Visitor: 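Following this message is one structure expressed as structure tokens.
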Amino acid sequence: MQPEKIPTSVGIIIDGNRRWAKAHSLLPWQGHEAGYKKVKEVVAWLRDAGVKDIVAYTFSTENWKRPEQEVSFLIKLIEHVLVNELDWANQEGIRLRGVGDMTKFSEQVQKLVKNAEEKTKNNSRITLGIALNYGGRAEILQAVNKLLTVRGSTSHSLVTEEEFSKLLYTKDIPDPDLILRTSGEQRLSNFLPWQSTYSELFFLPKMFPDLTKEDVTNVLAEYSARDRRRGK
């Protein structure tokens with residue numbers, strides 16, 4: 001693959017952890033744990049291929065509706081990553097970014113997110129945006145409300161795409177050139193609706209914990225073969 005054909009930014013919809021666990025006679029949270037370990041591998045594969053930014057759909061606004069025990073485990077897993085994976089991130093040159101509305105989490109989680117961002121801010125090999133309590137429509141609404149507050153009721157100038165994009169959770173992360181979803185589902189599920197308008201979409205039948213380096217390499221190869229005309 002030629003360097004110019006490598007996507008700069010990639011979105012990943014992590015899907016199939018619970019079904020993977022069920023297929024292996026494991027508990028749901030064991031599937032999430034396997035998924036978390038796989039994320040570390042996928043980030044390294046994409047980074048080594050030349051990708052500079054990733055946004056991983058980790059915990060959506062809808063995930064709060066899952067069983068309380070499962071939600072509790074997911075939050076503990078998030079805390080574990082934010083506390084115990086900073087050395088890994090720094091060693092691998094990964095800048096961590098929280099992407100989403102953090103206000104629904106405890107103050108402890110919010111502090112851990114800010115600390116992870118601060119401790120990894122100088123890493124430059126790749127940015128990993130961890131989408132937490134993320135919902136695309138909610139993101140757009142908060143940007144609109146922020147815009148109304150910033151501009152006030154007296155402004156009548158037209159809003160530009162650039163101005164609006166700077167108010168999104170992903171303001172410092174490029175729109176994804178490629179979005180990959182595992183598990184066979186073929187929808188975006190409220191993931192980056194504003195940012196994904198020209199993203200190349202890839203849907204793999206494998207559950208996320210079963211993803212291999214070969215799968216990722218094949219996706220990148222197919223991406224490089226696509227003609228991205230962007231309406232031209």
Side-chain angles (χ1 to χ4, degrees), residues 1 6-21 31-63 74 77-78 81-82 85 88-89 92-100 113 116 120 125-136 139 168-170 172-224 226:
M1 288 177 286
I6 295 295
T8 297
S9 184
V10 171
I12 302 174
I13 301 176
I14 300 169
D15 197 15
N17 290 342
R18 292 189 296 178
R19 278 171 280 174
W20 179 89
H32 293 306
E33 191 170 46
Y36 138 65
K37 292 177 180 177
K38 182 60 62 174
V39 167
K40 294 177 65 177
E41 294 184 81
V42 173
V43 170
W45 297 335
L46 290 173
R47 179 205 58 199
D48 293 346
V51 174
K52 296 300 183 183
D53 297 274
I54 298 171
V55 178
Y57 205 7
T58 306
F59 190 93
S60 74
T61 50
E62 289 75 26
N63 286 159
L74 284 169
L77 186 58
I78 291 166
V81 170
L82 295 172
E85 297 295 358
W88 164 75
E92 298 293 326
I94 301 166
R95 180 174 74 106
L96 299 177
R97 271 272 281 106
V99 175
V113 171
T120 64
R125 294 190 68 188
I126 193 168
T127 293
L128 173 59
I130 307 174
L132 301 172
N133 192 34
Y134 177 86
E139 178 184 34
L168 297 173
Y169 300 135
T170 58
D172 60 345
I173 299 176
D175 293 347
D177 299 305
L178 182 163
I179 292 179
L180 168 65
R181 179 172 188 156
T182 52
S183 87
E185 304 293 347
Q186 298 189 28
R187 56 182 178 273
L188 294 181
S189 297
N190 207 14
F191 181 60
L192 304 179
W194 173 273
Q195 300 90 331
S196 64
T197 50
Y198 283 105
S199 301
E200 297 295 319
L201 307 181
F202 291 81
F203 302 104
L204 298 185
K206 284 188 174 182
M207 302 301 139
F208 186 75
D210 287 329
L211 203 62
T212 66
K213 185 175 183 179
E214 183 180 10
D215 295 325
V216 172
T217 300
N218 289 340
V219 166
L220 294 177
E222 184 178 339
Y223 171 88
S224 70
R226 292 188 182 182

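Both backbone and side-chain heavy atoms feed into the values below; hydrogens, waters and symmetry mates do not. Along the sequence shown, residues carry numbers from 1. Note that the structure is a prediction, hence the values are computed from the model and not measured.
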Visitor: Give me the atom names and distance for the closest heavy-atom approach of Gly35 to Pro209.
Guide: N-CG, 4.1 Å
Visitor: Are Lys40 and Glu92 close enough for a salt bridge, meaning some N to O gap below 4.0 Å?
Guide: no
Visitor: Report the C-alpha separation of Tyr223 and Phe202 in whole Å, then their side-chain angles, then the decisive distance to 0.1 Å, and conclude whether the side chain to side chain contact (heavy atoms under 4.5 Å, CB included) test is met.
Guide: CA-CA 9 Å; Tyr223 171 88; Phe202 291 81; 3.9 Å; yes
Visitor: Could you measure the distance from the OG1 atom of Thr197 to the CG atom of Asp175? Nearest 0.5 Å is fine.
Guide: 6.5 Å
Visitor: Which atom names give the shortest non-hydrogen contact between Thr120 and Ala89, and what distance separates them?
Guide: CG2-CB, 4.0 Å
Visitor: Taking all heavy atoms of Pro193 and all of Ser196, pick out the closest pair and write down the distance.
Guide: O-OG, 3.6 Å
Visitor: So, Arg226 and Glu222, do they make that salt bridge, N to O below 4.0 Å?
Guide: yes
Visitor: Looking at every heavy atom in both Thr8 and Val51, which two are closest together, and how far apart are they?
Guide: O-CG1, 3.5 Å
Visitor: Under the criterion side chain to side chain contact (heavy atoms under 4.5 Å, CB included), I'd like the reasoning laid out for Thr212 against Asp215: C-alpha separation, chi angles, the key distance, then a yes or no.
Guide: CA-CA 5 Å; Thr212 66; Asp215 295 325; 3.0 Å; yes
Visitor: As a quick check of understanding, evaluate side chain to side chain contact (heavy atoms under 4.5 Å, CB included) for Arg95 and Thr127, giving each step before the final call.
Guide: CA-CA 5 Å; Arg95 180 174 74 106; Thr127 293; 3.0 Å; yes
Visitor: Output, in order, the C-alpha distance, side-chain angles, deciding distance and verdict of side chain to side chain contact (heavy atoms under 4.5 Å, CB included) for Leu192 and Tyr57.
Guide: CA-CA 9 Å; Leu192 304 179; Tyr57 205 7; over 6 Å; no
Visitor: Please examine the side chains of His32 and Asn17, heavy atoms only from C-beta on, and report whether any two atoms are closer than 4.5 Å.
Guide: yes
Visitor: So that I can tick it off, tell me whether Asp48 and Lys213 are bridged by a salt bridge, with the cut-off set at under 4.0 angstrom between side-chain N and carboxylate O.
Guide: no
Visitor: Which atom pair, heavy atoms only, marks the closest approach of Ser183 to Arg19?
Guide: OG-NH2, 3.1 Å
Visitor: Check Leu188 against Ile13 and note the closest heavy-atom contact, atom names and distance.
Guide: O-CD1, 3.6 Å
Visitor: To the nearest 0.5 Å, tell me how far Trp88 CH2 sits from Ile94 CD1.
Guide: 3.5 Å
